[in-house]
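In what follows, every chain begins at residue 1, and chains take the letters A, B, ... in the order their sequences are listed. Note that this is a predicted model, so its numbers are computed, not measured.
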Amino acid sequence: MKNHEIAEIFRKIASILEMKGDNPFRVRAYLRAADNIDGLSEDIETLAKEKRLKNIAGIGDDLSAKILEYVSTGKIKFLEDLNKTVPAGVLDLLDIPSIGPKTVKLLFDKFKIKSIEQLEQSAKSGRLLEIPGIKEKTIKNILEGIVFVKKSAEAMYLAMALNIADEFLNPLKIIPGVEKITVAGSLRRRKEIIRDVDILITSGFPQKAMSAFTSLAPVKEILAEGETKSSVRTLSGVQVDCRVVEEKSFGAALLYFTGSKNFNIKIRQMALKKGLKINEYGVFRGNKFICGRSENEVFKTLGMAYIEPELREDCGEIELALNNKLPHLVELKDIKGDLHVHSLWSDGRSSIQEMAEAAKKIGYSYICVTDHSKSLKIANGLSISDLKKKKAEIEKINKKLNNFVVLYGTEVDIDSDGKIDYPDRILKEFDIVIAAIHTGFKQSGSQITRRTVKACMNKYVHVIAHPTGRLWGVRDAYDINLEEVFKAAKETNTRLEINSFPNRLDLNDHNVHAAKQAGVGIVINTDSHAAEQLGAMHLGVSVARRGWLEAKDVVNTLKIDGLLKALKK
DNA sequence: GCCGTTTTCGGCCCGACTGTTTTCAGTCG
């Protein structure tokens with residue numbers, strides 16, 4: 001997929017144009033196109049081939065020509081020409097907080113500064129003071145920004161960001177005067193990668209709430225502090241923004257603060273056409289406050305259905321909301337059980353009994369214990385003789401449990417040829433067989449695709465686990481051709497997994513959306529290796545929701561009888 | 001550069017905070 005490459009090219013063009021003082025709306029057009037391309041669940045090359053590029057919002061004649069040029073030649077002449085006008089390194093300056101395109105241009109025009117190192121030297125030498133509008137404080141901010149960039153604050157994955165949010169929400173919740181408090185931003189939209197944490201508070205005493213926020217224990221430095229809006233950086237290097245509004249503006253503020261940016265622009269434009277104005281304080285006709293207490297009120301005023309935060313990316317959800325045709329997204333409470341958990345039999349840390357009890361407590365009606373198979377020695381994979389003992393243990397536990405079933409499963413290994421490491425006579429004994437790639441990640445994309453397709457073809461394999469193999473901070477997704485996998489999965493009634501393990505979330509939201517469009521069924525599992533990890537299910541559900549899945553698309557929303565029937569190949 | 005149940009040209013979301021100003025531009029979200 002070249003989607004992300006092309007999005008990044010458009011972003012680069014936007015940066016250069018902005019620095020050159022080009023039309024800001026032209027700049028925005030490139031950025032919007034980039035966001036929309038990143039949000040596609042289809043391969044942009046397919047769209048190009050089928051002449052459907054202009055169906056993408058924000059792509060017109062010019063940008064579709066540039067995409068075609070890139071797809072066929074691997075480059076875009078316009079960017080190459082632009083690159084000649086800007087020395088390499090200048091764009092890096094934009095990564096420094098507090099430095100934008102205007103400042104970069106100024107620095108280059110005045111002192112020919114074209115790298116972070118040069119800027120650092122000039123700032124330290126005091127030379128920057130010669131520029132009108134730059135004084136000591138600005139220089140200090142620049143130097144601190146450079147330190148920050150050099151440390152390159154990493155983005156977080158969703159679960160990490162949720163934990164940081166809790167470090168703020170929990171202590172603030174109990175401050176007198178803090179009424180409502182909630183996360184907003186990309187975290188509320190449950191994006192898989194979060195760059196900063198946004199918090200919204202309602203209070204009649206905004207300054208009290210602000211000072212409580214900026215003086216919390218995890219705060220290392222205050223980046224900005226105003227009467228209703230502050231930003232801090234935590235000890236772990238994460239930026240947290242906080243906004244306080246009055247109760248009557250809560251809905252409008254939440255809508256604004258949740259985004260996405262493109263979503264906000266679109267609905268504000270819609271409001272303008274109705275003679276209304278939307279800002280974070282409410283919906284207004286002229287100066288008259290119409291509403292703003294809840295998001296629902298605002299949506300209603302615009303004549304549209306409530307849009308779940310996970311959908312707010314301006315990818316067609318607004319149009320559906322206007323016609324009341326939004327999908328009814330799957331919810332955590334729809335999940336009836338977890339089909340991918342481990343136990344003491346392989347590399348888990350809890351017994352089958354403990355896993356079952358924890359699952360029952362959550363409210364599930366089944367789990368499937370899928371310990372590793374024999375070839376995965378590193379995870380204590382089960383030999384064929386151990387399997388009999390494990391099965392006997394499950395049968396014993398099931399006799400004692402009421403209204404709950406432990407299913408007998410396995411997570412088998414797909415070997416480098418696509419073969420499964422138990423023979424058919426063993427495989428057919430299991431209630432559920434999950435297959436996954438655990439070795440040979442370095443193989444070519446076509447080899448890995450072939451292995452996965454072959455596993456789908458196996459009549460005893462019900463689920464492909466963590467289909468792209470990505471592990472946050474460890475390795476990227478392998479170069480698998482998911483379109484081919486989707487085709488095989490659909491033909492063979494094989495489910496693909498959303499693995500909820502915090503650093504996996506694999507399939508991701510875009511892939512899930514594409515799988516749904518290809519007619520492929522999904523299962524959401526946690527891959528828990530201990531009872532306390534079962535709670536990660538909500539992360540996988542978030543991915544499913546971002547992928548527009550409804551309960552009917554997720555097989556483990558079915559009751560046990562329906563589940564086993566649906567999984568039959 | 002995109003886009004159109006008022007428009008194929010003339011618009012394009014809206015506001016807070018900072019650092020420098022003496023009324024505002026730049027940055028950010």
note = Sorted by position of nearest nucleotide on DNA chain B, 5' first, the leading residue of A/Tyr256 and A/Asp62 is A/Asp62
ask   = For B/dG29, does OP1 or OP2 lie under 4.0 Å from any side-chain N or O of A/Gln239?
value = yes
query = Using a cut-off of 4.0 Å on non-hydrogen atoms, how would the nucleic acid contact of A/Arg28 be classed: base, sugar-phosphate, or nothing?
reply = base
query = Under 4.0 angstrom, heavy atoms only, what part of the nucleic acid is A/Ser230 near: base, sugar-phosphate, or nothing?
reply = nothing
ask   = Any side-chain N or O of A/Thr103 under 4.0 Å from OP1/OP2 of B/dT27?
value = yes
ask   = What is the nucleic acid contact for A/Pro101, judged by heavy atoms within less than 4.0 Å: base, sugar-phosphate only, or nothing?
value = sugar-phosphate
key: Sugar-phosphate only, base, or nothing, as touched by A/Glu18 at under 4.0 Å among non-hydrogen atoms   = nothing
inquiry  = Is there a side-chain contact between A/Asn264 and the phosphate of B/dG29, meaning an N or O under 4.0 Å from OP1 or OP2?
reply    = no
inquiry  = Regarding A/Lys66, tell me which of base, sugar-phosphate or nothing describes its non-hydrogen contacts under 4.0 Å with the strands shown.
reply    = sugar-phosphate
inquiry  = Using a heavy-atom cut-off of 4.0 Å across all strands, would you classify A/Lys277 as base, sugar-phosphate, or nothing?
reply    = sugar-phosphate
key: Residue among A/Leu539, A/Val512, A/Val554 satisfying side-chain contact (heavy atoms from CB on, under 4.5 Å) with A/Ile498   = A/Val512
ask   = Does one side chain, of A/Thr214 or A/Glu225, offer a donor that lies under 3.5 Å from an acceptor on the other?
value = yes
task = Return yes if the base of B/dG1 and the side-chain atoms of A/Asn23 contain a donor-acceptor N/O pair under 3.5 Å, otherwise no.
result = yes
